[in-house]
Amino acid sequence: MDMEKNGAEPILTKQYHIPIEMFRSAFVAFQRKYVYPRNYAMMAVFLVVACIYAYYVVIGTDQQRPIYCMIILVCAVMIGFQWYNPRKVRRNLMQAVRELEDDLYELRIFPEYLEIGTILPDEEITEEQAEADALFEDVPQENFSGTRIYYSKALKVTEYRDFFIVYMVKVNFYVLPKKDFSEEEIKTLRETFSKNLGKGYQSKIK
């Protein structure tokens, strides 16, 4: 589906590259905002339960203590899981991303949606890729394979000093590095996200 058929011209089109360390920093920031709060809350709940049953171990009967100790052990395992899992996810993701470090990306901003995708060499665009793009409303245009993201409550954007994080809840996570955008283009991004997302756009710049 090309832009001429849509009758819409992009407000902004920009190609960019994401250094591996910037992606790591962005993903850590993402986890701190969207993952860690829930994990810490769950850890606190399990810790409270463990403390309660630790008290029961002290005052309980000999027959009850093995059950209480088992519950405390389960809580300890769950606390460890909540602490370890985000770090495991980050490590596995970074290993996968390293293989894509040299990829070139493109952002296209439209009045009602944005498109984010990868610039592919012509020989890498296959018939299967074209069919997948059509099925999922992706946008195969020239050597661009991207995803269309409409402004909605499910779309969250957070601005940091060096990058924007674009997050489709439980779907996709994107990083837009400021180093490849001019000051005027960054201003356009801020205004577009603020206008279309309201509270869904937040700035963490101090």
Side-chain angles (χ1 to χ4, degrees), residues 18-101 105 107 113-114 116 136 147-178 186 189-190 192-206:
I18 308 174
I20 190 70
E21 287 306 317
M22 178 177 289
F23 188 91
R24 175 183 175 82
S25 297
F27 193 69
V28 169
F30 164 79
Q31 287 185 311
R32 286 174 178 169
K33 183 174 177 62
Y34 294 105
V35 178
Y36 286 158
R38 178 184 178 278
N39 282 36
Y40 290 153
M42 294 298 297
M43 290 168 69
V45 170
F46 287 122
L47 181 60
V48 169
V49 173
C51 290
I52 291 173
Y53 279 94
Y55 173 73
Y56 288 160
V57 168
V58 175
I59 67 172
T61 65
D62 291 340
Q63 292 180 336
Q64 293 172 321
R65 286 193 181 104
I67 297 176
Y68 295 155
C69 289
M70 182 63 67
I71 294 174
I72 293 172
L73 178 60
V74 171
C75 289
V77 170
M78 294 305 298
I79 290 173
F81 177 80
Q82 295 294 326
W83 179 86
Y84 174 73
N85 192 55
R87 291 159 177 79
K88 178 182 178 182
V89 169
R90 183 167 68 240
R91 183 175 65 250
N92 292 342
L93 179 63
M94 295 309 300
Q95 290 176 351
V97 169
R98 287 185 187 280
E99 300 178 2
L100 308 175
E101 186 174 7
Y105 302 92
L107 167 70
Y113 56 88
L114 56 89
I116 298 177
F136 292 102
T147 300
R148 178 168 298 174
I149 306 171
Y150 287 90
Y151 305 122
S152 68
K153 293 182 179 180
L155 179 62
K156 310 294 181 183
V157 176
T158 305
E159 179 181 0
Y160 294 86
R161 184 186 65 179
D162 297 323
F163 48 79
F164 292 86
I165 291 177
V166 179
Y167 173 51
M168 277 292 293
V169 178
K170 298 183 179 179
V171 179
N172 283 319
F173 164 88
Y174 302 94
V175 180
L176 304 179
K178 290 184 177 179
I186 292 173
L189 291 176
R190 288 191 186 116
T192 301
F193 294 144
S194 178
K195 174 184 177 182
N196 291 284
L197 300 179
K199 294 182 179 180
Y201 164 71
Q202 295 181 352
S203 176
K204 295 295 184 179
I205 301 175
K206 298 181 180 179

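Hydrogens, waters and symmetry mates play no part in the numbers below; they use all other heavy atoms, side chains included. Please read these numbers as outputs of a predicted model, since none were measured by experiment. Note that the numbering runs from 1 along the sequence shown for the chain.
Atom CZ of R91 is surrounded by more than 12 heavy atoms from other residues, nucleotides or ligands within 6.0 Å. Enclosure of atom CE in M42 by more than 12 non-hydrogen atoms of other residues, nucleotides or ligands within 6.0 angstrom is indicated. Within a 6.0 Å sphere centred on CZ of R190, heavy atoms belonging to other residues, nucleotides or ligands number more than 12. Annotation: Q95, atom CD; neighbour count of heavy atoms from other residues, nucleotides and ligands within 6.0 Å is above 12.
Put simply, CD1 on I18 and CG on L176 are 7.5 Å apart, with the number rounded to the nearest 0.5 Å. Rounding to the nearest 0.5 Å gives a distance of 10.5 Å between CZ of R98 and CG of L93. The CD atom of Q64 lies 10.5 Å from the OH atom of Y53; values are rounded to the nearest 0.5 Å. Annotation: the span from M94 atom CE to E21 atom CD amounts to 6.5 Å, rounded to 0.5 Å. Rounding to the nearest 0.5 Å gives a distance of 9.5 Å between OG1 of T158 and CZ of F163. Atom CZ of R65 and atom CD1 of I59 lie 9.5 Å apart (nearest 0.5 Å).
Counting only heavy atoms from C-beta outward, the side chains of M43 and W83 approach each other to under 4.5 Å. Using a 4.5 Å cut-off on side-chain heavy atoms (C-beta onward), Y151 and L197 make contact. Between L107 and L189, the closest side-chain pair of non-hydrogen atoms falls below 4.5 Å. Within the 4.5 Å cutoff, side-chain heavy atoms of T147 are placed close to those of Y174. Within the 4.5 Å cutoff, the side chain of V175 has no heavy atoms near those of the Y160 side chain. Residues Y34 and K156 form a side-chain contact, since some pair of their non-hydrogen atoms from C-beta on lies under 4.5 Å apart.
Summarising the geometry of M22 relative to D162, their closest heavy-atom pair is CE-O, 3.9 Å, with the distance given to 0.1 Å. Closest non-hydrogen pair, A50 versus I72, comes out as O-CG1, 3.7 Å. Across all their heavy atoms, N39 and P86 have their closest contact at ND2-CG, 3.1 Å.
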>> side-chain contact (heavy atoms from CB on, under 4.5 Å), that's the test. Do V89 and V35 meet it? Break it down for me.
In response: CA-CA 11 Å; V89 169; V35 178; over 6 Å; no
> So Y167 and V169, side-chain contact (heavy atoms from CB on, under 4.5 Å) or not? Walk me through it.
Replying inline: CA-CA 6 Å; Y167 173 51; V169 178; 4.1 Å; yes
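The main-chain N or O of T192 is found under 3.5 Å from a side-chain atom of N196 such that the two form a donor-acceptor pair.
With sequence neighbours left out, F27 forms a ring-ring contact (aromatic ring centres under 6.0 Å, His included) with F30, F173.
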